[in-house]
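Some notes on the structure that comes next.
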Amino acid sequence: MPSSGRTHVRARPERTCVGCRKRAAKHQLLRVTAVEGVCVPDPRGALPGRGAHLHPDPTCLDLAVRRRAFPRAFRLQGTLDTERLREYIEERVGGTPAP
């Protein structure tokens with residue numbers, strides 16, 4: 001049987017960071033969900049509900065907050081508390097907390 005010339009490349013899911021708007025592999029981004037008005041990190045991707053993806057970088061988090069990307073991604077009205085998410089990212093990156 002003749003070969004079609006196609007190689008079998010395994011598909012890798014990509015997501016867009018809500019902060020910097022750059023696409024990256026799903027495993028490179030942190031999934032975030034909204035639970036009772038709070039942005040909660042979901043590193044295992046097991047929490048129910050809509051998720052937004054973010055590079056685990058304080059710069060991307062700051063961009064997402066400034067652009068009001070989380071309420072839009074979760075399709076919610078009003079502001080969301082991102083303090084828990086900020087603490088998680090700064091702990092993971094090893095940076096110093098923002099004032």
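When a residue number appears, it is its place in the shown sequence, counting from 1.
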*Mind checking whether Pro71 and Thr79 have side chains closer than 4.5 Å, heavy atoms only?*
no
*How far apart are the closest heavy atoms of Arg84 and Val38, and which atoms are they?*
CB-CG1, 4.4 Å
_Minimum-distance pair of heavy atoms, taken over all atoms of Gly19 and Arg67_ = O-NH1, 3.7 Å
*Which residues share a side-chain hydrogen bond (donor to acceptor under 3.5 Å, both in side chains) with Glu14, sequence neighbours left out*: Arg23
What pairs of donor and acceptor atoms, side-chain ones from residues 45-52 against any protein atom, are under 3.5 angstrom apart with sequence neighbours left out?
residue	atom	partner	partner atom	Å
Arg50	NE	Ala73	O	3.2

_Between Leu63 and Val18, does the side chain to side chain contact (heavy atoms under 4.5 Å, CB included) criterion hold? Intermediate values first, please._
CA-CA 8 Å; Leu63 283 169; Val18 295; over 6 Å; no
*Identify the heavy atoms of Leu54 and Phe70 that sit nearest to each other, and give their distance.*
CD2-CZ, 4.1 Å
_Assess whether a salt bridge exists between Arg86 and Asp62, defined as any Lys/Arg side-chain N lying under 4.0 Å from an Asp/Glu carboxylate O._
yes
*For Leu30 and Pro56, which heavy atoms make the closest approach, and how far apart are they?*
N-CD, 4.4 Å
*Establish whether Leu29 and Val40 are linked, either directly or via other cluster members, by ILVMFWY side-chain heavy-atom contacts under 4.5 Å.*
no
*Quick one: NE2 on His55 to SG on Cys17, what's the gap to the nearest 0.5 Å?*
5.0 Å
*Arg68 CZ: over 12 foreign heavy atoms closer than 6.0 Å*: no
_Val32 versus Cys39, closest heavy-atom pair with distance_ = CG1-CB, 3.9 Å
*State, yes or no, whether a side-chain contact exists between Leu61 and Leu85 at a heavy-atom distance under 4.5 Å.*
yes
*Residue pair Ala34 / Leu76: nearest heavy atoms and the distance that separates them*: CB-CD1, 3.8 Å
